[in-house]
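Just so it is clear, the values below take in all heavy atoms, side chains as well, and ignore hydrogens, waters and symmetry mates.
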Amino acid sequence: MTLSMVFVSFGFGAGQTSAENHSYDGKSPYYNSCASSAVTKDKVWIDSVSYVELKYSTTCKTAWAKVTVTRPAVYTHEADARIIRSTDGKAYTCNSSGGNGVVNKGQTSCYTSMVYDLDPRKAQAQGIHAIPNSDAYKKAVTIWY
């Protein structure tokens with residue numbers, strides 16, 4: 001499975017119009033201890049062994065996505081997550097700077113970098129998990145928050 005398939009699976013290619021720039025955009029959830037005030041706003045199962053969460057920092061007013069596989073991954077690039085902001089389409093995956101890389105063999109989770117998410121902005125988490133013996137992925141999306 002190649003990285004290019006993830007971009008297709010997440011629907012990249014839809015241009016980001018008038019992208020906003022905020023100091024927290026693209027930063028790790030551990031930047032300025034944002035993760036220490038994290039709450040899970042939504043959790044959606046992708047399939048029977050993986051789920052995606054929409055995480056939100058009440059202190060930093062930021063959102064990020066986290067995907068979890070409930071057993072160690074058996075392939076390289078088995079799962080990935082994406083966070084997208086509603087107002088400008090700015091999006092990051094686990095492989096983006098500030099994320100911790102896709103879920104590879106032996107790993108169980110990954111997280112994206114953050115987007116600033118103070119109202120009127122909303123964010124949505126998306127997760128993908130590889131379908132065994134296939135080049136395809138199952139996908140799930142959370143609510144917008």
Check: Thr70 side chain, Val49 main-chain N or O, donor-acceptor pair, under 3.5 Å: yes
Tyr30-Ile83 co-clustered via ILVMFWY side chain contacts under 4.5 Å: no
Contact check, side chains of Asn104 and Val102, non-hydrogen atoms, under 4.5 Å: yes
Heavy-atom pair with the smallest gap, counting every atom of Asn95 and Gly101: OD1-CA, 3.5 Å
Donor-acceptor under 3.5 Å (Lys61 side chain, Thr58 main chain): yes
Inter-residue atom distance Leu118.CG - His22.NE2, 0.5 Å rounding: 9.0 Å
Side chain to side chain donor-acceptor pair (under 3.5 Å) partners of residues 42-54, not counting sequence neighbours, each pair once: Thr40-Glu53, Asp47-Ser50, Asp47-His129, Ser50-His129
Under 3.5 Å donor-acceptor, Asp25 side chain and Tyr116 backbone: yes
Pairwise side-chain contact, Trp64 with Ser28, heavy-atom cut-off 4.5 Å (strictly under): no
Exercise: identify the closest heavy-atom pair between Ala123 and Asp117: N-OD1, 3.2 Å
Value rounded to 0.5 Å, distance of SG in Cys110 from CD in Glu78: 11.0 Å
Val141: partners by side-chain contact (heavy atoms from CB on, under 4.5 Å), with sequence neighbours left out: Gln124, Gln126, Lys139
Cys34 backbone acceptor or donor facing Ser57 side chain under 3.5 Å: yes
Side-chain heavy atoms of Tyr137 within contact of Ile46, under 4.5 Å: no
Under 3.5 Å donor-acceptor, Asn100 side chain and Tyr111 backbone: yes
Pairwise distance CD(Glu20) to CG(Asp88) - rounded to 0.5 angstrom: 4.5 Å
Spatial distance of atom OH (Tyr145) from atom CZ (Arg121) [nearest 0.5 Å]: 14.0 Å
Short side-chain to backbone donor-acceptor contact, Arg82 and Ala65, under 3.5 Å: no
Heavy-atom check, side chain of Ser96 versus side chain of Thr112, under 4.5 Å: no
